[in-house]
Amino acid sequence: MEHSTEKKLKNLLDLQAIDSKIFEIKKVRGALPDEVQDLEDELVGYNTRLDNFNSDIEEKNNEIDELKNKSSEAKKLIKKYKDQQMNVRNNREYDAISKEIELQELDSKIFVKKSGENDVKIEEINEQIKATKKVIKEKKLILKSKKADLDVLSNESHEEEKKLDNL
């Protein structure tokens, strides 16, 4: 009985020594594995942001096309109303058609203005895309460097870890 307790204590002491060595090996790596993971997660976030920017641009372009179509329709209606204005029978018809022409001209101006605003927004988004791509490039360089450092540390301690795991 005493012999098995002594053996258990010796095994426990050996296990604790192995665990301490493994802890020291991991301590040498420090926060590097966490930093690498954080950078990878950050890059995923930046790429998601780029995707969102691109979908915003697509949405704004579709809106611009729609506004241009509405403006074109308003111009066609203006032409139609001006033709009708020449064939009116009384002042009331003439005034009603004049109001319609005025309304369509205002609508057309609004559509053109909104289209221009969307062009400005697209330019702003493109600037944000450029800035985000620059940040991504920088983060990738940092990540590459940190991964290389981590690989060096891991390779240096790999054999020792393997031995300790097999004990």
Side-chain angles (χ1 to χ4, degrees), residues 10-81 100-167:
K10 185 178 180 327
N11 287 341
L12 186 59
L13 190 60
D14 290 342
L15 185 61
Q16 187 176 5
I18 291 169
D19 192 43
S20 295
K21 286 182 183 179
I22 291 174
F23 178 77
E24 286 299 317
I25 290 170
K26 290 184 178 179
K27 188 177 174 184
V28 168
R29 293 180 195 154
L32 204 52
D34 292 335
E35 289 176 22
V36 167
Q37 185 62 49
D38 288 346
L39 281 169
E40 288 173 342
D41 293 344
E42 212 173 323
L43 283 172
V44 168
Y46 283 121
N47 286 321
T48 301
R49 185 180 296 174
L50 280 180
D51 291 342
N52 290 341
F53 285 150
N54 287 326
S55 67
D56 285 350
I57 287 175
E58 187 176 324
E59 186 179 307
K60 297 292 179 204
N61 280 328
N62 289 340
E63 201 172 311
I64 287 171
D65 290 342
E66 188 177 313
L67 289 167
K68 284 180 181 178
N69 287 339
K70 287 180 179 180
S71 178
S72 175
E73 285 296 317
K75 288 177 183 176
K76 287 178 186 175
L77 286 173
I78 290 170
K79 186 175 187 220
K80 175 185 160 191
Y81 291 141
E100 276 299 319
I101 291 172
E102 188 178 318
L103 183 76
Q104 292 302 322
E105 286 173 343
L106 287 174
D107 282 349
S108 179
K109 287 178 184 177
I110 289 172
F111 297 144
V112 169
K113 181 182 176 192
K114 285 183 179 179
S115 180
E117 289 171 356
N118 281 338
D119 284 335
V120 170
K121 287 177 185 175
I122 288 173
E123 287 177 30
E124 290 171 358
I125 292 170
N126 282 327
E127 289 300 316
Q128 290 175 328
I129 286 174
K130 284 180 187 176
T132 302
K133 283 182 177 180
K134 184 179 178 184
V135 170
I136 287 174
K137 186 177 179 181
E138 292 168 359
K139 295 289 182 182
K140 280 184 177 180
L141 289 173
I142 294 169
L143 178 62
K144 185 177 179 181
S145 170
K146 290 196 183 269
K147 273 187 172 181
D149 292 346
L150 183 60
D151 287 345
V152 167
L153 290 173
S154 293
N155 288 337
E156 288 175 357
S157 62
H158 180 71
E159 288 300 318
E160 190 175 348
E161 274 186 83
K162 203 173 185 181
K163 288 178 190 174
L164 291 173
D165 282 342
N166 289 332
L167 291 178

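As the structure is a prediction and not an experimental result, all values here were calculated from the model.
Around the CD atom of E58, the shell of radius 6.0 Å holds no more than 12 heavy atoms that belong to other residues, nucleotides or ligands. When the shell of 6.0 Å around CD of Q16 is examined, it contains 12 or fewer heavy atoms from other residues, nucleotides or ligands.
If you take CD on Q104 and OH on Y81, they are separated by 5.5 Å, rounding to the nearest 0.5 Å. For the atom pair NZ of K75 and CG of D107, the computed distance is 12.5 Å after rounding to the nearest 0.5 Å. N118 contributes atom CG, which lies 4.5 Å from atom CD of E63 (distance to the nearest 0.5 angstrom). If you take NZ on K76 and CD1 on I78, they are separated by 12.5 Å, rounding to the nearest 0.5 Å.
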Can you give each donor-acceptor pair under 3.5 Å made by side-chain atoms of residues 30-41, sequence neighbours left out, with the distance rounded to 0.1 Å?
residue, atom, partner, partner atom, Å
E35, OE1, K146, NZ, 2.5
Q37, NE2, D41, OD1, 3.0
E40, OE2, K147, NZ, 3.0

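Between N47 and L50 there is a side-chain heavy-atom pair separated by less than 4.5 Å. Counting only heavy atoms from C-beta outward, the side chains of I57 and I129 approach each other to under 4.5 Å. Residues E117 and K113 are in side-chain contact: their nearest non-hydrogen atoms beyond the backbone lie under 4.5 Å apart. The closest side-chain heavy-atom distance from K140 to L43 is below 4.5 Å.
Checked against side-chain hydrogen bond (donor to acceptor under 3.5 Å, both in side chains), E42 has the following partners two or more places apart in sequence or in another chain: K139.
Across all their heavy atoms, Y46 and I136 have their closest contact at CB-CG1, 3.4 Å. Closest approach of S115 and L67 over heavy atoms only: N-CD1, 3.6 Å.
S145 places no side-chain N or O within 3.5 Å of a backbone atom of L141 that could act as its donor or acceptor partner.
Under the side-chain contact (heavy atoms from CB on, under 4.5 Å) test applied with F111, the options K70, E73, K68 reduce to a single match, K70.
The stretch residues 118-136 participates, sequence neighbours left out, in these salt bridge (Lys or Arg N to Asp or Glu O under 4.0 Å) pairs: E127-K130.
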